[in-house]
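Heads up, the thing below is written out as structure tokens.
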Amino acid sequence: MTSPSALLSSVFGFEAFRPGQQEIVEAVVAGQNALAIMPTGGGKSLCYQLPALCRDGVTVVISPLIALMRDQVRALHEAGVPAGALTSGNTDEETDAVFAALDRGELRLLYMAPERLASGGTVPFLRRIGVNLIAVDEAHCVSQWGHDFRPDYLRIGALRRDLNVPLAAFTATADAETRDEIVTRLFDGEAPKVFLHGFDRPNIHLAFAAKDQPRRQILAFAAARKGQSGIVYCGTRAKTETLAAALCAEGHAACHYHGGMEAEPRRAVETRFQREDGLIVVATVAFGMGVDKPDIRWVAHADLPKSIEAYYQEIGRAGRDGAPADTLTLYGADDIRLRRAQVDEGLAPPERKSADHARLNALLGLAEALGCRRQALLGYFGETSEPCGNCDLCATPPETFDGTEAVRKALSAILRTGEWFGSGHLIDILTGTETDKVRARGHSDLPTFGVGKDLNRREWQAVFRQMMGHDLVRPDPERHGALRMTHDARPILKGEAAITLRRDTMKAATQRPAVRMLVSEEDAPLLSALKAKRRALAEEQRVPAYVIFPDRTLIEMAETRPSTLDEMAGISGVGVKKLERYGALFLEVITGEATPAPHPQRRKLAGRDEGAVFDRLVEVQAELARGPMGVDKPMSCSTSLLARVAKQRPADPDSLARLLGDKRADRFGSAFLDVLNEA
Ligand code: ADP
Ligand code: ZN
């Protein structure tokens with residue numbers, strides 16, 4: 001038996017296990033029943049794929065998502081591992097090929113949709129082909145109380161008993177109830193070895209911002225990440241459509257996605273997202289479980305998520321490949337009102353409602369946090385940690401002030417008006433603004449009238465939002481959202497407790513953040529050349545780009561610039577098979593060594609294919625990145641700009657300069673024109 005760590009590097013090209021993987025792999029290889037709870041992106045698949053290769057016989061993998069199974073099988077083929085899938089998405093030829101390979105005893109992993117378990121022939125079939133390990137992905141689908149319940153998952157327990165082989169179950173859902181249910185249903189209550197792996201996703205940058213021209217905030221965030229795949233989550237279906245349109249108008253590739261769309265266009269978006277490099281999907285939370293793209297570089301929330309769990313899950317879709325990923329969550333008083341109302345107006349029993357309020361409170365606490373966000377987030381999941389250095393608050397600690405006095409004034413305004421008003425009217429009272437409503441109700445005679453002139457309207461809004469965030473006041477749905485004091489506010493009102501508040505930084509939205517790059521400016525042109533090569537290969541083979549190599553691998557290539565195949569083999573993600581298949585091709589991009597004479601077919605293609613022109617532009621740009629003599633300041637064009645040049649093919653220096661701008665036209669103009677003329 002080859003050792004797991006040898007296979008880790010030879011097949012998958014990874015130098016080391018991720019935290020937690022090794023123990024799980026060892027237990028599964030040893031034939032123990034196992035339940036592993038790992039965050040999304042933690043590297044669960046490896047924990048059954050490696051044991052499958054170490055053990056004799058076939059490993060059957062049960063997974064609820066057909067598209068994901070197909071991608072995994074493709075990725076395994078790329079790594080030289082014989083695997084197959086039996087799903088309703090197969091063509092007859094594909095199914096025949098799987099059976100033939102099984103008959104020849106070649107397959108090591110067989111992916112199967114749970115629906116197949118309903119057929120009586122399945123167990124004898126699995127026994128006949130020599131299944132000796134069952135791996136269950138998304139094991140929480142067995143929980144009848146969860147959102148993702150799959151009735152056929154309930155048959156897995158019987159399958160395990162019938163085959164009498166070890167079972168390894170994987171999920172990212174950690175709460176104790178679900179865990180217990182998995183143990184009962186999959187392992188007949190006989191405790192498996194449980195691996196509870198940490199929740200930290202250190203490569204994900206965390207940031208929140210109070211809403212202030214939210215559309216501009218989102219557009220600015222996306223602009224700084226142009227060309228990178230991202231998701232924008234919105235609270236409403238209508239907003240997904242308008243925001244996607246706004247992003248397209250700014251030159252992004254963006255589309256919308258929500259539960260009100262037909263199945264067909266939804267699937268089309270999912271497929272495009274999976275395949276394309278750099279697409280933005282603007283979606284409601286309906287865009288969820290089917291998303292398994294490891295190279296999502298950013299996630300933005302245009303509206304506050306429903307709870308801290310939802311937040312964690314949604315941002316967790318970014319950066320599964322371990323490369324840096326960015327997030328931004330916008331929130332405002334209206335979000336808090338909406339989310340409270342959703343809980344209050346829901347049909348859940350009272351204890352459930354108060355639990356939901358608590359989960360929302362945890363998220364609001366995170367939004368209004370004064371110290372490291374990651375510490376607050378992990379703290380909620382029961383983990384202690386040091387300040388992370390990778391969140392907005394670690395970078396810029398918030399300006400705070402003693403808000404006790406302001407909060408007491410606000411509470412007093414609320415109480416003196418009988419808890420019948422919303423923040424707008426209350427702020428009028430506090431700032432001494434004589435509106436018709438104030439006059440009509442005689443509120444200008446209140447002792448609180450005008451006591452809050454030291455803060456302006458906007459500052460008061462921030463105070464009220466934070467009071468809602470700290471759950472000192474809650475909108476009452478029975479009173480059209482009027483604010484009512486909660487129990488927690490009493491000590492502050494009575495002068496027994498103090499509270500520190502944040503001063504909102506309002507300038508954030510007006511300045512466009514600098515473009516975030518995955519690598520230094522110097523390495524950027526090479527990275528885009530490597531990506532172009534990857535895209536060409538992916539299109540040729542009709543697979544998602546990351547199946548060829550994930551972002552992380554390309555980043556490492558761009559940064560370390562291997563110059564021989566041996567050095568190439570040392571890059572994380574380059575296994576033996578991939579080295580054989582792609583090593584030389586990527587090496588060529590890096591060293592710029594003489595490309596072998598183009599195939600005649602390719603030459604012909606070059607006349608029409610904008611992809612080929614694009615490739616050439618990337619190459620030429622890489623050569624000129626530091627100017628003709630290699631001594632100038634590094635400069636590059638964005639991928640989308642190069643794509644535009646390839647598409648529009650400007651014929652003369654002037655129209656090219658209009659596209660590129662003067663500085664870039666100076667450096668690249670004539671070389672680009674040469675490329676366009678030879679095409
Ligand atoms: P999940 O736990 O969400 O199922 P995956 O199994 O899809 O995560 O793994 C996420 C990404 O991490 C994949 O791109 C995978 O290739 C990569 N990965 C897994 N294990 C390692 C490792 N030991 N070293 C480097 N990358 C790894
Ligand atoms: Zn931090």
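For ligands, and for the atoms within them, numbers begin at 1 and follow the listed sequence.
Here the protein heavy atom with the shortest distance to atom 6 (O) of ligand 1 is Ser45 OG, 2.3 Å. In this structure, the protein non-hydrogen atom closest to atom 8 (O) of ligand 1 is Arg320 NH2, 3.2 Å. When only non-hydrogen protein atoms are considered, atom 16 (O) of ligand 1 lies nearest to Phe14 CZ, 3.4 Å. In this structure, atom 19 (C) of ligand 1 lies nearest to the protein heavy atom Gln21 NE2, 3.7 Å.
When only interatomic distances are considered, the shortest N/O to N/O separation between Asp321 and ligand 1 does not fall below 3.5 Å. Inclusion of Ser572 in the set of residues having an N or O under 3.5 Å from an N or O of ligand 1 is not warranted. At least one N or O atom of Lys44, backbone or side chain, sits closer than 3.5 Å to an N or O atom of ligand 1. Residue Gly43 has at least one nitrogen or oxygen atom sitting less than 3.5 Å from a nitrogen or oxygen atom of ligand 1, judged on distance alone.
The closest approach between a heavy atom of Cys47 and any atom of ligand 1 is not below 4.0 Å. Heavy atoms of Met38 come nearer than 4.0 angstrom to ligand 1 in no pair at all. Heavy-atom distances between Gly322 and ligand 1 stay at or above 4.0 Å for every pair.
Only backbone heavy atoms of Ala16 (N, CA, C or O) come within less than 4.0 Å of ligand 1; its side chain stays farther off.
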